[in-house]
Amino acid sequence: MRSPRPARLAAVALLLAALAAAAAAPAAAASRDGYGRARRLRMRGKVVEMFYHAYDNYMAYAFPHDELKPLTKGFTDSLSELGNLNLEHLPQDYNGSALTLVESLSSLVVLGNLTEFDRGVSWLSENLTFDVDARVNLFECNIRLLGGLISAHILAKDYSSQNKDGVYQNQLLHLAENLGSRFLPAFETPTGLPYAWINLKYGVMENETTETSTSGCGSLILEMGALSRLTGDPRYEAAALRALRKLWSMRSSLNLVGSTLDVLSGNWIEYSSGIGAGVDSFYEYLIKAYILFGSDEYWDMFHSAYLAVQKYFRHGPWYHEADIRTGEATHWQLTSLQAFWPGVQTLLGDVAAANLSHREFYNVWQRFGVLPERYLLDYGILHPTEKYYPLRPEFAESTFYLYQATKDPWYLEVGESIIGSLNYYTKVEGGFASIRDVSTMNLEDHQHSFFLSETCKYLFLLYDDSFLRNKNYIFTTEGHPLPVMSTWHEKTPRLDVPTNWTVVKDGNQPIRASALSSKVCPETIFRQNVGSPWESACHIPDVFPSHRCRADDDCGIESVTCKRRTCSMAGYCGLWLAVY
Ligand code: DMJ
């Protein structure tokens, strides 16, 4: 195996500045990074083929049901984690929410298929209803349906021809609001922590379980916050924020959170915790909420939580689980879900650490051909029961983030390997099938909707990021883009920048300041120097391009947040140790 080249760029707080800038000149990037334009186009084409193979088969054999059964060309509405939804105007035995269509909308825009996007928007506008007697999982319903609708609504406003003709009249937002209002009874608990399950028509069922997970009640803020900002109704954001604050107040003295809890008592049920299942998106949403809403409260929570994770869960490139009261390791397991973490670290600017972990995930990927759900690090073997790979996106997601931050073509080669495996092991005539057991590569009859909302989207963006050219987006945990807008920002953080670093506009260049960067860093103006990355006005690169440091003085100022980077104990500059 080739070993990855070290990360190169200093401007790593991507998406918001470097990413948009890189997207501005894909052809130049293609020749600069040595990967080759033809090869990039070929890989882009392969991902497009994959997306439509999955999408067309869903539309042919499963729509308007929730998900495709690719082996039998059938459908399923009974997602165990999502429950059943009904649609009006459809046969009585129909029990779905066109989930895969909702999940595909933002990907259709990313791929540039606005005609199909418009068709989907029209169909959903006319047919979808949530007034159904169905018990659904709040978290799954939030990230897949609410997030899918909100993101598609924003994209419809920006891209849809229907909007220009006046046919699109916020129907998706109305649907999202209708769905969001059905979430609210779940939050009526003494603690404000929401029930994990809710009946969309009747609210919380009698004798409903009071057990939920940290990610289940701690990663609602992006979608519900966005819904409040879009509708002007503060109840959604207030409910999600109250739950998040309560959850954070339950942290241990080590600043760690457990993985399951009781919503009535506010006590932890499971004290063993990590960055994978049951917790993952809780961390992701703290940093993304900070980026989307600009409130230091989210940053402060994330900052403490991140330090605790790095201190108690990290072991070299690996992350194990630990007891949140003592910090003692409990389970030494790599899980497929953990592979989102390098992406979050890249978003933060901790590229070196992200690259280290990503490399290890790739080693395991190469060993099995895909990432097994759970791998026992202490024994070097598969978990006896969790041997599956349900087409999860997390490793592709981190690969995309790392490529955006570094422009190292090695990540494009990793993408080739992911695409190769998916096509070789999981492609069948009727779509893409999950792998039941990675040791035998036996398949399972299920094409999860996140294959379209996330896996294909991140792989596409790896080779063609033109969607990111004119706007700054953050992606929800389900891969749905939400634009970072100054109007959603609560306040402008203090700008701690030496004035001599403020760059003024070059009259020959168009201003490319992002909504976020112009808000958090009001003087930000992007410029393009031949042969150097685009930088924001407040950006001061680390002294060493490798980001290594001996002291805080070797570290610069983050390009997006304009916050000072500091030197970690491991000797890398990063934002996570910023001292205010
Ligand atoms: C997705 O539904 C989301 O990414 C979620 O946060 C957890 N993982 C699945 C896909 O693996």
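Positions are given from 1 along the sequence. Remember, it's 1-based here, ligands and their atoms both numbered in the order they're listed.
- The atoms of ligand 1 that sit less than 4.0 Å from any heavy atom of Leu337 are 7 (C), 8 (N), 11 (O).
- The protein heavy-atom contact nearest to atom 6 (O) of ligand 1 is Thr477 OG1, 2.6 Å.
- Distance CZ/Phe302 to CD/Glu284: 10.0 Å, rounded to 0.5 Å.
- For a threshold of 3.5 Å applied to N or O pairs, the pair formed by Arg392 and ligand 1 contains at least one separation below that value.
- For Glu284, no nitrogen or oxygen atom sits less than 3.5 Å from a nitrogen or oxygen atom of ligand 1, counting backbone and side chain alike.
- Every atom of ligand 1 is numbered from 1 in the order shown, and the set under 4.0 Å from a heavy atom of Glu454 is 1 (C), 3 (C), 4 (O), 10 (C).
- Ring centroids of Trp332 and His315 are separated by less than 6.0 Å, placing the two rings close together.
- Side chain to side chain, Ser151 and His153 fail the donor-acceptor criterion of an N or O pair below 3.5 Å.
- The distance between the ring centers of Phe475 and Tyr458 falls below 6.0 angstrom.
- Between Phe313 and Tyr319, the distance from one ring center to the other does not fall under 6.0 angstrom.
- Numbered from 1 in the order shown, with element, the atoms of ligand 1 that lie under 4.0 Å from a heavy atom of Glu394 read 4 (O), 7 (C), 8 (N), 9 (C), 10 (C), 11 (O).
- Comment: Glu416 does not engage Lys46 in a salt bridge, judged by the lack of any side-chain N to carboxylate O separation of less than 4.0 angstrom.
- Those atoms of ligand 1 with a heavy atom of Glu478 less than 4.0 angstrom away are 1 (C), 2 (O), 3 (C).
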